[in-house]
Structure formats: structure tokens, C-alpha cells
Trainee: 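Could you have a look at this structure, given as C-alpha cells, before my questions?
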Amino acid sequence: MLKCQFAGLSARKEITSQFSCLTYRQLSWVEVQKRLLKTKNAPGSKFKEDTSGNHSSTKRPRETTSEDRESHREAPSMKAAKQPEKASEAINHGEATKTSEGFGHWSQGLKSSMQDPKMQVYKDDKVVVIKDKYPKARYHWLVLPWQAISSLKALGDEHCNLVKHMQKVADQMVQQCPHADTLRFRTGYHAIPSMSHVHLHVISQDFDSPCLKNKKHWNSFTSDYFIESQDIIQMLETYGKVTVKEGMSELLKLPLRCHMCHKELSTIPALKEHLKSHFPK
DNA sequence: GTTCTAGAAC
DNA sequence: GTTCTAGAAC
């Protein structure tokens, strides 16, 4: 039914503004999606009102002027969205009902973000792509399966084709990027992600972003904590499961080292200043 | 995941 | 004195 189409008008606007410098030649993939969109009404645009109501009441008292709050709008209920299956393998079901990490918990945020048409950049019958809410580089997307798969541990050989498709969509995101010719991209998973629901990072290697603020951010994308998508696929093909090595969290404490020239920098500000030499604006 | 802030580092 | 980090709280 739903084949490779963008989410809705707002998503279309967003992508148009983001890629405003695209040439017509570069637009080919985007154009295909747009034409598909024109021929069909986006079902995602008729989501119901937010019934979760968990975003405005329980926050601790704090100044509400910060702009990030604005982007924390919760998505409509998941029922309202087109989903191909009734989550027969909802591995996260038990965990989501725990009092500590229930639906309102921050770690469940991707589940609502991925349902939010305003966040969606691409979707098909198997996956959805959203822009990372706190991008750690000039381009930073997340590819998520509609199917509720809580983490890498929950992946089995039955997910092999799904994970391959996620990689394929990730590659397409890179191809349609206006700066794909000058920027390098990596696609991979965090060894121990903070957010529930399997998500594939597609991130440009400039790491030029105000949201990249600390050592954990840096090392999670530049050390072996970042597991290449291809390695995950290979693990699934070879062993039918994904095993994450021990001691991964220690990698987050490694000294700050430039991923380009391997120079060690003593502080995050120094690192950011150094990165400018590799990635001038 | 982010924000906030005490206190370490300079 | 300011800058920056790390850990608690969310």
C-alpha cells in the first residue's frame, strides 16, 4: 500500500527548506517521493489529537523560555498512525509498562517522535526516517523500523532483511543530501543507546553542531561504541543475533581525539575549534 | 537522551 | 576570577 512516500505537507516543507540549495539534478530522489505524494493523500496527515498528555504536567519547575522545549511536542497516539503490524514481537512491551520507564519516560521519546508527521522526513511500509532532535552534525538522521524492536539485543535472523532495508534507506538519505559530495557520512548504531527502539544513525562526519557538547557525545560517534550498520548485518547473517562486546561504556570516557587526524584535544571547546580546520564552513 | 550546577581545573 | 566537566535529576 504505502510505498516510499513522504509523510505530509509539513514534512515536505521541511525537506524543501532543508535542501533548498538542491539542484534539479540532485533532486531526483526527492522528486520521486514528491510525485508519489501528489498522487496519494498522506495518511499520516490525519493523526488524531495527542492523548498521551504527558508532556506538560510533570516537568520540574523551570524557566520555560528555552527553545528546546518547543521541539518537545509529543506525537499523536501510535494507534492513529499507519502501522503494518500489530507488533506481534513487541519486545519492549513488558519494559514499557514498568513504572520507571513507561511511555512518558524520556527513554521512550523516539516512539512518539517517529509517529509525528512533523518529524518524519521519509517513510515507507517498513521504516521511517526522522531528523535527530539534537543533531550532532550538520546532517543527522535516524532510521527506525515501524516494528517495535527495543534494542540490538532483540534482533534475530528474522530481522536480517529489515536491517538491510534500513541500511538501504540510510544510503538513500545520504545520496539525496546536497553536500554528499563533500561530506563523509557514517551509518551505524550505538552499542548501548539511551533511547529505546532500534535506530540507525545516519550522520555526517563534520560534527559541526551546538548539540555536540561533551565527551560522551563525541566518543559515542567516533569510537567503537559506534557500530557500523554493515557489521550489524554481518553479525545477523553469521550468528543470527547481535552481540555487543563488554566494556563499551568505558569507551565513552576515552580522551578526546580528532577522528580525522587523531590529534588529542584537552577540552570540547578546543576540539570544536580544531574541527573547524577540517570542515570550514 | 537533555538540563542544571557544584566544584575541579585553569 | 572564568571555563569546563561530571554526575544527579529529569
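None of these values were measured; they are calculated from a predicted model. Numbers restart at 1 for each chain; the letters A, B, ... are given by sequence-line order, proteins then strands.
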Trainee: Which residues in residues 261-268 of chain A have at least one heavy atom lying under 4.0 Å from any atom of DNA chain C?
Mentor: A:Thr267, A:Ile268
Trainee: To the nearest angstrom, how far is A:Glu250 atom CD from C:dA6 atom P?
Mentor: 13 Å
Trainee: Output the rounded distance in Å from CE (A:Met195) to P (C:dC10).
Mentor: 18 Å
Trainee: So, A:Asp208 and A:Lys281, do they make that salt bridge, N to O below 4.0 Å?
Mentor: yes
Trainee: Using whole Å, what does the distance between atom C1' of nucleotide C:dT5 and atom CG of A:Leu252 come to?
Mentor: 15 Å
Trainee: Can you check the A:Gln108 CD to B:dT2 C1' distance for me, whole Å?
Mentor: 16 Å
Trainee: Is there a path from A:Leu110 to A:Ile203 through hydrophobic residues (I, L, V, M, F, W, Y) whose side chains come within less than 4.5 Å of each other?
Mentor: no
Trainee: Of A:His199, A:His217, A:His201, which meets ring-ring contact (aromatic ring centres under 6.0 Å, His included) against A:His140?
Mentor: A:His201
Trainee: Would you classify A:His190 as touching base, sugar-phosphate or nothing, given that sugar-phosphate means primed atoms plus P, OP1 and OP2, and contacts are heavy atoms under 4.0 Å?
Mentor: sugar-phosphate
Trainee: Which whole-number value in Å describes the distance from A:Lys131 NZ to B:dG1 P?
Mentor: 19 Å
Trainee: Could you tell me the separation between the CG atom of A:Leu271 and the P atom of C:dC4, rounded to a whole number of Å?
Mentor: 12 Å
Trainee: Starting from P on C:dC4, measure out to NZ on A:Lys272 and report it in whole angstrom.
Mentor: 12 Å
Trainee: Assign A:Lys253 to base, sugar-phosphate, or nothing according to its heavy-atom contacts below 4.0 angstrom with the strands shown.
Mentor: nothing
Trainee: Is the closest side-chain donor-acceptor distance between A:Tyr225 and A:His190 under 3.5 Å?
Mentor: no
Trainee: Does a donor on one side chain and an acceptor on the other come within less than 3.5 Å for A:Asp124 and A:His165?
Mentor: yes
Trainee: Do A:Gln175 and A:Asp171 have side-chain atoms, one donor and one acceptor, less than 3.5 Å apart?
Mentor: no
Trainee: Before you tell me yes or no, could you show the steps for A:Gln167 and A:Thr187 under side chain to side chain donor-acceptor pair (under 3.5 Å), namely the whole-Å CA-CA distance, both residues' side-chain angles and the distance that decides it to 0.1 Å?
Mentor: CA-CA 8 Å; A:Gln167 171 65 55; A:Thr187 57; 3.3 Å; yes
Trainee: Looking at B:dG1 and A:Tyr134: do their rings stack (centroid distance under 5.5 Å, interplanar angle under 30°)?
Mentor: no
Trainee: When you measure from every atom of DNA chain C, which of residues 205-226 of chain A have a heavy atom less than 4.0 Å away?
Mentor: none
Trainee: Between A:Lys118 and A:Asp116, is there a salt bridge with N-O shorter than 4.0 Å?
Mentor: yes
Trainee: Please indicate whether A:Glu228 has more than 12 foreign heavy atoms, meaning atoms of other residues, nucleotides or ligands, lying under 6.0 Å from its CD.
Mentor: yes
